**Student:** 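Please find one structure pasted underneath; my questions will follow.
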Amino acid sequence: MVPLRQCHATARLAGRARRPGKLWCSKAFSTTPCVRSSAGVSEAVDYCKDLVRKHDYESFLTSQLYPQLYRPGYYALRAFYIELATIKEAVSQTTLGQGRLVFWRNAIKDIFKNAPPRHPVAIALHQTAQNSHLAQYHFQRMIEAREEELFSPTHLTVESMTGHAESTSSTFFYLVLSMLRQDSAIFSHAASHLGVAQSFATFLRAFPFHASRGVMVIPAEITAKHGVKQQEVFSKRATSKELEDAVFELATIANDNLITAREMFKETGGKVPQAVMPLFSAAIPAMSILTRLESVNFDVFHPSLQVRDWKLPWRVYASYYNRRF
């Protein structure tokens, strides 16, 4: 393993159009409780599966590792995550984004009252909640984090960015653990660090997209320390030594979180219990992003970073069967 610029000797560094379903309107969703049938739930799950496949290839890839019993629930949870994550880019005004978040805030309340609105993701989530002990608090926490993101898309500190990652990516993993009936302090702690690593890596891969919109995804305390000129980055959309140093620092934090997540399984020789290995396989795509960043000297604008890693499926399956990440 090649060290990260000699900082870590043992670890390398490894981010809309919708097709409406048959039973719902794509322009407006009824908040009236719907009558659910097995066919209706099946179509809702198919909608969620299609949403994940179209918008989150890596999560769709790891979804194949879940036992068949849990895949519908996984698709529902991930589709909900995607719905929230894409609001900011899908609306032209903050008030429109707030309106969507209000819908989801009310939808979650109604789901836990056994009266989900007529929206495919809500119907699939309701079915998942019926089969699992999911905490309503986790859903509301994710909604609140996305609402904060509408008003403050950038972060001043690493602590702030970490808090956002814990409220979104990590919280999603907590829900998956609950769905799998695998709640434990060790799993939750590891999932928390995995969520931070995944979030940071995804932000770095999506750096060119955010820069094109005038948003700096690296916390201000890091860019200021390395002398990054944000307006120059936005106008030139090209790398510089200062930017590469800032990217390296954030990537190193992501990598450190992956290391911490792995260390939670040191008592089993690094092997992850089979029951939760599908969840922790999500570390492999994050590692892939960080490794590829390192290979181009942390140039976030390098075209190769936007090309899909053709080896990723093999790496994900190898990780799953070896029970390591």
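Quantities reported herein were computed from a predicted structural model and do not represent experimental measurements.
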**Student:** Roughly how far, to the nearest 0.5 Å, is the OG atom of Ser319 from the CE atom of Met277?
**Tutor:** 3.5 Å
**Student:** Look at the rings of Phe139 and Phe80 and say which category their plane angle falls in: under 30° parallel, 30 to 60° tilted, over 60° perpendicular.
**Tutor:** perpendicular
**Student:** Indicate the ring-plane relationship of His193 and His189, choosing parallel, tilted or perpendicular according to the 30° and 60° boundaries.
**Tutor:** tilted
**Student:** The criterion is ring-ring contact (aromatic ring centres under 6.0 Å, His included); which residues satisfy it with Phe187, sequence neighbours excluded?
**Tutor:** none
**Student:** Would you kindly confirm whether Phe151 and Leu101 end up in one hydrophobic cluster when ILVMFWY residues are joined by side chain heavy atoms under 4.5 Å apart?
**Tutor:** yes
**Student:** Indicate, with yes or no, if the rings of His226 and Phe248 have centres closer together than 6.0 Å.
**Tutor:** no
**Student:** Say you draw a straight line from CD of Glu144 to CZ of Arg141; how long is it, rounded to the nearest 0.5 Å?
**Tutor:** 9.5 Å
**Student:** Under 4.5 Å between side-chain heavy atoms, counting indirect links through other Ile/Leu/Val/Met/Phe/Trp/Tyr residues: same cluster for Ile82 and Tyr47 or not?
**Tutor:** yes
**Student:** Is a side-chain N or O of Arg323 found less than 3.5 angstrom from the main chain of Lys271, in a donor-acceptor match?
**Tutor:** no
**Student:** Asp309: which residues meet the salt bridge (Lys or Arg N to Asp or Glu O under 4.0 Å) condition with it, sequence neighbours left out?
**Tutor:** Arg315
**Student:** Taking all heavy atoms of Pro273 and all of Phe265, pick out the closest pair and write down the distance.
**Tutor:** CD-CE2, 3.9 Å
**Student:** Please enumerate all residues that pass side chain to side chain contact (heavy atoms under 4.5 Å, CB included) together with Gln136, with sequence neighbours excluded.
**Tutor:** Ile108, Lys109, Phe112, Gln140
**Student:** May I ask you to decide if the ring planes of Phe103 and His119 are parallel, tilted or perpendicular, using 30° and 60° as cut-offs?
**Tutor:** tilted
**Student:** Let me know which of Phe172, Phe173, Tyr174 forms a ring-ring contact (aromatic ring centres under 6.0 Å, His included) with His138.
**Tutor:** Tyr174
**Student:** Just wondering, do Asn257 and Leu194 contact through their side chains at under 4.5 Å, heavy atoms?
**Tutor:** no
**Student:** Keeping Ser152 on the side-chain end and Glu149 on the backbone end, is there a donor-acceptor pair under 3.5 Å?
**Tutor:** no
**Student:** Using the ring of each side chain (for Trp, its six-membered ring), is Phe60 parallel, tilted or perpendicular to Tyr75, with breaks at 30° and 60°?
**Tutor:** parallel
**Student:** Are Arg53 and Asp50 within salt-bridge range, i.e. N to O under 4.0 Å?
**Tutor:** yes
**Student:** Decide whether Met179 and Leu69 are clustered together by the hydrophobic rule: side chain heavy atoms of Ile, Leu, Val, Met, Phe, Trp, Tyr closer than 4.5 Å, transitively.
**Tutor:** yes
**Student:** Please enumerate all residues that pass side chain to side chain contact (heavy atoms under 4.5 Å, CB included) together with Phe234, with sequence neighbours excluded.
**Tutor:** Ala211, Met216, Gln230, Gln231
**Student:** What I'd like to find out is whether the side chain of Lys229 reaches to under 4.5 Å of the side chain of Leu243, using heavy atoms alone.
**Tutor:** no
**Student:** Under a 4.5 Å side-chain heavy-atom rule over Ile, Leu, Val, Met, Phe, Trp and Tyr, are Val102 and Leu150 clustered together?
**Tutor:** no
**Student:** Return the set of residues passing side chain to side chain contact (heavy atoms under 4.5 Å, CB included) with Ala124 (not counting sequence neighbours), or none when no residue passes.
**Tutor:** Ala44, Val45, Cys48, Ala76
**Student:** Could you state whether Ile111 and Tyr137 fall into the same hydrophobic cluster, counting links through intermediate Ile, Leu, Val, Met, Phe, Trp or Tyr residues with side-chain heavy atoms under 4.5 angstrom apart?
**Tutor:** no
**Student:** Say you draw a straight line from NZ of Lys311 to OG of Ser288; how long is it, rounded to the nearest 0.5 Å?
**Tutor:** 10.0 Å
**Student:** In chain order, what residues pass the side chain to side chain contact (heavy atoms under 4.5 Å, CB included) check against Thr168, with sequence neighbours excluded?
**Tutor:** Tyr81, Ala145, Arg146, His164
